[in-house]
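So that the names make sense, note that chain A is the first sequence line, chain B the second, and so on, each numbered from 1. Heavy-atom basis, side chains included; hydrogens, waters and symmetry copies ignored.
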Amino acid sequence: MPAITLPDGSVKQFDAPVTALEVAESIGPRLAQAAVGCRVDGEVRDLSTTLGADCRLEIITETRKGESGKNEPDPDALFLVRHSCAHVMAEAIQRVVPGAQLVYGPPLETGFYYDIRFPDDRPLKEGDFEAVEKEMANIVKEDRPFTRYELDPNEGMTKLKAEGSKYKLDNAERALAASGPEAKLSFYATGEPGKNWEDLCRGPHVPSTGRIGAFKVMSLASSYWHGDENSDRLTRVYGTAFFKPADLQQHLDNIEEAKRRGHRVLGKQLGLFHFDEAVGQGLILWTPAGSTIRKELQNFIAEELRQQGYSEIFTPHIGRLDLYRTSGHFPYYAESQYPPIVPREELSRLAQEGCSCAELGNLMASGEIDGYMLKPMNCPHHIKVFASRQHSYRDLPVRLAEFGTVYRWEQSGEIGGMTRVRGFTQDDAHLFCTQDQLDEELQGCLSLVKIIFDALGMEDYRVRIGLRDPDSSKYTGDPSNWDKAEAACRAAAKTLGKPFVEEPGEAAFYGPKIDFVVKDVIGREWQLGTVQVDYNLPERFGLSYIGPDNKPHRPVMIHRAPFGSMERFIGVLIEHFAGAFPAWLSPEQVRVLPISDKTAAYATKVESALKARRVRVSTDDSSGRVQAKIKAAADEKVPYMLVVGPRDEESNTVSVRARGIQKDLGAMPLDDFVKALDTEIATRGKETVVSKFA
RNA sequence: GCCGCUAUAGCUCAGUGGUAGAGCGCACCCUUGGUAAGGGUGAGGUCAAGGGUUCAAAUCCCUUUAGCGGCUCCA
């Protein structure tokens, strides 16, 4: 008879099998009332689960005791509520839109979705949300129990076939295939089986619909069955649910707040960049303010590159198609590139030969045409720089760096903000080295990442190593070199002192890689930089160096763009700093705020003294009061405000106010401020003006 | 590319078929004020573009372009 071990270590003996709910009741009525599910030996289950054998049991309630001893939300509890709410929403939707076929509805970290196939003549629109939510409210109000029952595979499949949903049949087949021979199919009725709405589902669920305290239908998206774009198009309905209306409201407020902190909003507010329909989708126009940030950041990176023995080069934005045939990028990636630029002569020659528009299109797509391409990557150009002279092993490694602008034809629906664009500038470099040098070169690449992330205070990134599939033949290069390269990637990643994940099968076909991934304000992950080992391109381009044996050898290449693109990186950086850039990066570093016209001359003197040290400074000589000038400078996130009035003029001081500090820091001799700011900028914020007041 | 939503002044947004609005910003005038919005006057619009319905369209319909949230993709 079951002995149930509770989280506090105590053991309860029962004479006969009991349900988790009965155990909860035996502990206390309040616990039983608060319970939404349970964990049996760590696995989340229904509260109605019958316990026939010894086990560890935890009753799941909205909150649990955290490690600190304080109550914290139990993620499994929300998971149960949301998974259950997905059923409630699905039932409601089927009431609103008869004929809607359910596909798959899992909980997510912030809610849930249900993929649904709607009749072609009756898609779901946002305007339907109100009706759906009303139905949901009714179902919740009825407080119907979630009732689980199981059928053996034959019965279950017969039932599903009778219902006629190929999606549910498919789900059932997959579920059976994934589990053992005694598998059963489980169904959940929202109420009484056979009488109320039900769904094929593995569960678990909360005891009844009334436990869903607050919910909202959020948005619509299209999706593909099994994620396959050639398969059926489905409509994905997103929703979320919480225990309490206040939690839902908090969640909605957080979403609004995140939007305000997003780089698109801040970028517009601060005038950092601009998109223009007339220029084209995904093509960024950097305004003066944004350009300043980018330039300062590039200068910083370039300084570090020089120190690490890189040579900076410049190469053109376009190149002949032939180059990309050699590299293998064309026509393989033709669809994600801007179409080739075909010279006039070539076009008229083809026209004279009677080439039709359709034929021309085919020639363009297959690349059987002479022309140029906007470069989709920088490596071929860099390789040609490397190959422009003969190299001795003594020259290696050769490290060629360029802030190289590339163009890619991203799908129109994918483009947005600065994080996904069609023209972008990589902080690119290609290293040509011997196999023996690989280890050290990879570590060098990563140390650069560390230096720059540290300087910017970016700690919230993760590292991912892409390795080859053990049993795949799709990779080029000698397996023993792969082993070495993978070991080198691992060793290099360790030097970062960050946890990293290894993902087999995620390598490029030409070599393993290390990626850096960060999150944006709404929690989406973006890949920033990448460091990739490449055995393929040196082969394709026949690269060589002369070894100590006086014979030609093949170099190994490393592609590395540790910050990915300036566009994406600065987009992420805007959010990282919430628009309040440190002084060295700030478009405007200081604003002088004269109390009145009477101090205009002194304000000019202050401005000139700063300009002489190349500080980006302006003077607010508007006729408003100083309070208004402070408000304006604060809104524009200027790091330092210098209020100057007759008192300052007399003593040759400035009254300093730093961004983010709500009060006047006090007066400081003008010369001291200039020096202190100079130091702050030169040290990139390691020593600050503010610290002088401490 | 797919689904949904959206597009009105430099910005944020109101405007349900009948003369285009507000706040902020901008210009000018008054105010010369010591630490987060002083007051007044004024300029500024082919209502994203194109087509349609209508006596009449910012408003209804279609197409296109662009933005947002997802899906798919991302060398």
Side-chain angles (χ1 to χ4, degrees), chain A residues 108 113 115-116 118 123-129 218-238 255 259-260 262 264-265 268-269 271 274-282 324 327-330 332-337 375-380 406 408-417 419-422 508-510 513 522 524 526-527 530 532 534 536-537 559 564 568 593-600 622-635 641-648 655-657 659 661-667:
Chain A
L108 303 169
Y113 67 78
D115 276 348
I116 299 175
F118 286 94
L124 195 73
K125 306 259 188 183
E126 273 185 22
D128 295 316
F129 286 5
M218 300 293 288
S219 63
L220 291 172
S222 109
S223 62
Y224 303 107
W225 194 26
H226 299 158
D228 175 1
E229 62 181 319
N230 298 313
S231 188
D232 295 4
R233 279 185 229 298
L234 309 172
T235 300
R236 180 166 296 181
V237 190
Y238 283 88
I255 292 172
K259 271 189 204 148
R260 277 193 291 276
R264 298 165 171 86
V265 171
K268 192 173 254 187
Q269 251 169 38
H274 174 66
F275 290 95
D276 200 299
E277 265 187 55
V279 175
Q281 204 188 2
Y324 303 100
S327 72
H329 291 106
F330 196 88
Y332 188 66
Y333 291 113
E335 279 188 7
S336 47
Q337 292 166 172
K375 64 177 174 183
M377 78 302 294
N378 299 301
C379 28
V406 298
R408 297 178 187 177
W409 188 261
E410 303 286 358
Q411 294 187 60
S412 63
E414 188 51 58
I415 291 170
T419 40
R420 197 70 186 270
V421 292
R422 283 189 174 156
F509 70 91
Y510 48 74
K513 59 175 186 168
I522 58 173
R524 291 180 296 202
W526 296 98
Q527 181 185 316
T530 181
Q532 309 184 347
D534 184 359
N536 180 50
L537 284 180
H559 306 245
R568 180 176 288 182
L593 311 180
I595 294 291
S596 77
D597 294 355
K598 290 174 182 161
T599 331
S622 63
S623 69
R625 294 170 47 184
V626 72
Q627 284 89 333
K629 298 183 185 186
I630 287 169
K631 168 89 164 71
D635 283 349
M641 299 176 219
L642 302 181
V643 176
V644 294
R647 290 207 298 269
D648 297 290
S655 296
V656 181
R657 195 179 164 113
R659 182 186 56 207
I661 296 172
Q662 301 287 320
K663 60 181 174 68
D664 177 14
L665 286 170

Open item on the list: Please name the nucleotide paired to B:A56 by Watson-Crick or G-U wobble geometry with both distances under 3.5 Å, or report none.
Closed with: none
TODO: Would you classify A:L593 as touching base, sugar-phosphate or nothing, given that sugar-phosphate means primed atoms plus P, OP1 and OP2, and contacts are heavy atoms under 4.0 Å?
DONE: nothing
Task: Nucleotide of B:G70, B:C30, B:U35 approaching A:A221 most closely (side-chain heavy atoms) - done: B:G70
Task: Closest non-hydrogen atom pair between A:S327 and A:L537, with its separation - done: O-CD2, 3.5 Å
- [ ] Choose from B:G34, B:G33, B:A36 the nucleotide whose nearest atom is closest to any side-chain atom of A:I630.
- [x] B:A36
Task: Closest nucleotide among B:G69, B:A36, B:G33 to the A:R524 side chain - done: B:G69
- [ ] Provide the closest heavy-atom pair for A:Y224 versus A:L234 in the form atom of the first, atom of the second, distance.
- [x] C-CD1, 4.1 Å
Task: A:R422 side chain to A:E410 backbone, donor-acceptor under 3.5 Å - done: yes
TODO: To the nearest Å, give me how far apart CZ (A:R625) and C1' (B:U32) are.
DONE: 11 Å
TODO: Using the C1' atom on both, measure B:A43 against B:C55 and round to a whole Å.
DONE: 35 Å
Open item on the list: Both A:R236 and A:G416 contact RNA chain B. Which one's nearest nucleotide lies toward the 5' end?
Closed with: A:G416
Task: Spacing of the P atoms in B:G1 and B:G44 (rounded, Å) - done: 39 Å
Task: Distance-only donor-acceptor test, A:S655 side-chain atoms vs B:G34 base atoms, 3.5 Å - done: yes
TODO: Write down the distance separating the C1' atoms in B:U12 and B:G67, rounded off to the nearest Å.
DONE: 15 Å
Open item on the list: Side chain of A:S219, heavy atoms from C-beta onward: which of B:G69, B:C71, B:A75 has the nearest atom to it?
Closed with: B:G69
Open item on the list: Looking at A:P376, is its backbone amide N or carbonyl O close enough to the side chain of A:R408 to form a donor-acceptor pair, meaning the two atoms are under 3.5 Å apart?
Closed with: yes
Open item on the list: Does the structure show a Watson-Crick or G-U wobble partner for B:U63, both distances under 3.5 Å? Name it, or say none.
Closed with: B:A49
TODO: With a 3.5 angstrom cut-off on both distances, give the Watson-Crick or G-U wobble partner of B:C68, or none if there isn't one.
DONE: B:G4
Task: Whole-angstrom distance between B:C5 and B:A9, as gauged at atom P - done: 22 Å
Task: Among B:A37, B:G34, B:U65, the nucleotide that comes nearest once only the side chain of A:K631 is considered - done: B:A37
Task: Candidate nucleotides B:C2, B:U35, B:G1, ranked by approach to the side chain of A:Q411 - the nearest - done: B:G1
- [ ] Under 4.0 Å between any heavy atoms, over every strand shown, what does A:A628 touch: base, sugar-phosphate, or nothing? Just pick one.
- [x] sugar-phosphate
Task: Sugar-phosphate only, base, or nothing, as touched by A:G227 at under 4.0 Å among non-hydrogen atoms - done: sugar-phosphate
- [ ] Classify the nucleic acid contact of A:D276 as base, sugar-phosphate or nothing, counting any heavy atom under 4.0 Å across all strands shown.
- [x] nothing
- [ ] Ignoring the backbone of A:K125, work out which of B:G70, B:U35, B:C5 is nearest its side chain.
- [x] B:C5
- [ ] Look at the side-chain N and O atoms of A:R408 and state whether any lies under 4.0 Å from the OP1 or OP2 oxygen of B:A75.
- [x] no
Task: Distance in angstrom units between A:D635 CG and B:U12 P, rounded - done: 15 Å
Task: Separation of atom OH in A:Y113 from atom P in B:G69, rounded to whole Å - done: 19 Å
Task: Inter-nucleotide C1' distance (B:C47, B:A20), Å rounded - done: 8 Å
TODO: Using only side-chain N and O atoms of A:Q662, determine if any of them is under 4.0 Å from OP1 or OP2 of B:U35.
DONE: no
TODO: Could you check whether A:I415 gets within reach of a base, just the sugar-phosphate, or nothing at all, counting any heavy atom under 4.0 Å?
DONE: sugar-phosphate
TODO: Nearest whole angstrom, please: distance from the P of B:G33 to the CG of A:D597.
DONE: 10 Å
Open item on the list: Looking at B:C74, I'd like to know if its phosphate oxygens (OP1 or OP2) sit under 4.0 Å from a side-chain N or O belonging to A:S336.
Closed with: no
Task: Length of the CG-P vector between A:D115 and B:C2, whole Å - done: 18 Å
Open item on the list: Could you check whether the side chain of A:S222 and the base of B:C2 have a donor-acceptor pair of N or O atoms closer than 3.5 Å, going by distance alone?
Closed with: yes
TODO: Ignoring hydrogens and angles, answer whether the base of B:G34 and the side-chain atoms of A:D664 contain a donor-acceptor pair closer than 3.5 Å.
DONE: no
Task: For A:S412 against A:Q281, the heavy-atom pair lying closest together - done: O-NE2, 3.1 Å
Open item on the list: Regarding A:E229, tell me which of base, sugar-phosphate or nothing describes its non-hydrogen contacts under 4.0 Å with the strands shown.
Closed with: sugar-phosphate
Open item on the list: Between B:C68 and B:C24, how many Å separate the two P atoms, rounded to a whole number?
Closed with: 28 Å
TODO: Could you give the distance separating B:C11 and B:G25 at their C1' atoms, to the nearest angstrom?
DONE: 7 Å
Task: Beyond-backbone contact of A:Q337 with A:H329, side-chain heavy atoms, under 4.5 angstrom - done: yes
Open item on the list: What's A:K268 touching, base or sugar-phosphate or nothing? Going by heavy atoms closer than 4.0 Å.
Closed with: sugar-phosphate
Task: Sugar-phosphate, base or nothing in reach of A:R420, heavy atoms under 4.0 Å - done: base
TODO: Let me know, please, whether A:V643 or A:G282 comes out on the 5' side of the other along RNA chain B by nearest nucleotide.
DONE: A:V643
Task: Gap in Å between the two C1' atoms, one belonging to B:A14 and one to B:G21, rounded - done: 7 Å
- [ ] Look through every strand shown and name the nucleotide pairing with B:G42 as Watson-Crick or G-U wobble, where both distances are under 3.5 Å.
- [x] B:C26
Open item on the list: I'd like to know if the side chain of A:K513 reaches the main chain of A:A508, judged simply by a donor and an acceptor atom lying under 3.5 Å from each other, with no hydrogens or angles considered.
Closed with: no
Open item on the list: Is it the case that the base of B:A75 and the side chain of A:S327 share a donor-acceptor contact (distance under 3.5 Å, atom types as modelled)?
Closed with: no
Open item on the list: I want to verify a distance call: between B:A36, B:C71, B:A75, whose nearest atom is closest to the A:Y510 side chain?
Closed with: B:A75
Open item on the list: Tell me whether the side-chain N/O atoms of A:R659 come closer than 4.0 Å to OP1 or OP2 in B:U35.
Closed with: no
Task: Paired nucleotide for B:G34 [Watson-Crick or G-U wobble; both distances under 3.5 Å] - done: none
Open item on the list: Taking the minimum atom-to-atom distance to the side chain of A:E126, which one of B:C71, B:G34, B:C5 wins?
Closed with: B:C5
Task: Base B:G4 to side chain A:Y238, donor-acceptor N/O within 3.5 Å cut-off - done: no
Open item on the list: B:A66, OP1 or OP2 - any side-chain N/O from A:Q281 closer than 4.0 Å?
Closed with: yes
Task: Under-4.0 Å side-chain N/O to phosphate OP1/OP2 contact, A:K629 with B:A37 - done: no
TODO: May I ask which nucleotide in the shown strands pairs with B:U16, Watson-Crick or G-U wobble, both distances under 3.5 Å?
DONE: none
Task: Atom-to-atom span, CG of A:L220 to P of B:U6 - whole angstrom - done: 12 Å
Task: A:R420 side chain to A:I415 backbone, donor-acceptor under 3.5 Å - done: no
Open item on the list: Tell me the interatomic distance from A:I116, atom CD1, to B:C71, atom C1', rounded to whole angstroms.
Closed with: 15 Å
Task: Side-chain donor or acceptor of A:R657 paired with backbone N/O of A:Q662 under 3.5 Å - done: yes
- [ ] Starting at atom OH of A:Y224, determine the distance to atom C1' of B:C73, rounded to an integer number of angstrom.
- [x] 9 Å
TODO: Go through B:C2, B:U35, B:G33 for me and flag the one nearest to the A:V626 side chain.
DONE: B:U35
Task: Any donor-acceptor pair under 3.5 Å from A:R568 side chain to A:V421 backbone - done: no
- [ ] Test for a donor-acceptor pair under 3.5 Å between the base of B:U32 and the side chain of A:S623, counting only N and O atoms.
- [x] no
